Amino acid sequence: MDRLIFHVDVNSAFLSWEAMRRVKRGEPDLRLIPSCIGGSPESRKGVVLAKSIPAKKFNIKTGEPIALALRKCPSLTIAPPDFKLYSACSKAFKDICRAYAPVVEEFSIDECFLDFTGTERIYPDPIALAYEIKDKIRDELGFTVNVGIGESKLCAKMASDFEKPDKVHTLYNSEIPQKMCGLPVRDLLFVGGSATKKLNDVGIRTIGELAKADINFLKGILGNKNSIQMHNYANGIDQSPVRSQPEEPKGYSNSVTLEDDVRDAETANAILLALSDSVTRHMRRDGARAFNVGVTIRYLDFKTRSHQRQLSAAIDTTNAVYEVAKQLLAELWRDHRPLRLMGISLTNLSKEESAGVQLSLFGEEQQLDNKRDEALDKTVDALRGKFGSSIVQRGTVMKSGLNVARKFNGETDLQKNCHN
Ligand SMILES: [Mg+2]
């Protein structure tokens, strides 16, 4: 055997974590009743982020509005998301994993890869080891995980997705023909809805059929880059190593789901300012600047649109990012249909000091402004580091009456995790 990799995946993470907390308080187990995580129960707004199996029987779907879910099941129990709880649970189960594996890669808030390559003397029986880790997490922390075992990250992850919950599965290379080839292409890692449709249209329905397809034929359908990776994956080929250190972020992003629909530019801009503030703070902390600013909006019908701009100088101050974001929003959101989500992303990063100095193109006055912005950001960042993020709020943010900053500060780490 080449390598030995486990993928540990919490079963319906947000819901089980909330359920576990409530069970400890003597409240009903959310996993056993129609329930979901999302929105806020009083306002009946927001969307379903996770649902219980009994809720699934009422045809409640992830991503749909809470109001609609309540029409399908009026007795639905709704629990608001709590990212503090999620990060604590995430850390707890990953700590157990670290006690066993020499190398652990955090893949998302509820998933990690464990590399056991070369440990056969300590752990002669991988399946017994997987059961031990799974049972320890369940018995000590009160929630269940699936463990997938394979010779690559791909196969381990595919295996953990087989039957759920509280299960151990293997997908060794020798088992690929029997366990993976017959699955629909949609089940293959990173094959999205549109790729599935394109493949189905040309008669490729299973992973096995994708594995056997001619690579040049696939390039015509899916484009060069995607087809090589998908073809490799379909053949169970994935050499990527398990990395214990997270990679340098490729970008920073932050978004906020709005509790009240936003219809006017003044409110939307206030939210952009709060987002600019939060996202640049994280970037500044890492000493990076961005050449690219993007804005994303989502309408009530979940249609999502983005707009981005490449700049000639890299920026890192709240105001500079805000000014670009405001322009992008004005260009993107002409119809002023109500929004339910807004986001900002900063990409094309540079850590070079010189990346930011071409600012002369904004004129000297602007340069002075920029110096002042930098000084202000530094002071604000320092205060926040000392007293927590709610200590300083920008004038406009407070004026809008929306406590946006508090809301998404809790989400930042999660989102950074997901986007890395
Ligand atoms: Mg999961």
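Because the structure is a prediction, the values reported are computed rather than measured. We count ligands from 1, going down the list as the structure has it; atoms in each ligand are counted the same way.
Between F93 and W17, the angle of the ring planes lies from 30° to 60°, which puts this pair in the tilted group.
Residue contacts to the Mg ion (ligand 1): E111 brings no N, O or S atom closer than 2.8 Å.
Taking the centre of each ring, F113 and H7 come in below the 6.0 Å mark.
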Does the pair E18 and I37 meet the rule for a side chain to side chain contact (heavy atoms under 4.5 Å, CB included), with working shown?
CA-CA 8 Å; E18 182 65 36; I37 302 291; 3.7 Å; yes
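Seen from the Mg ion (ligand 1), atom OD1 on D9 and atom O on V10 lie at an angle near 90° (rounded to 10 degrees).
Other residues, nucleotides and ligands place more than 12 heavy atoms under 6.0 Å from the NZ atom of K72.
The nearest N/O/S atom of D110 to the Mg ion (ligand 1) is OD2.
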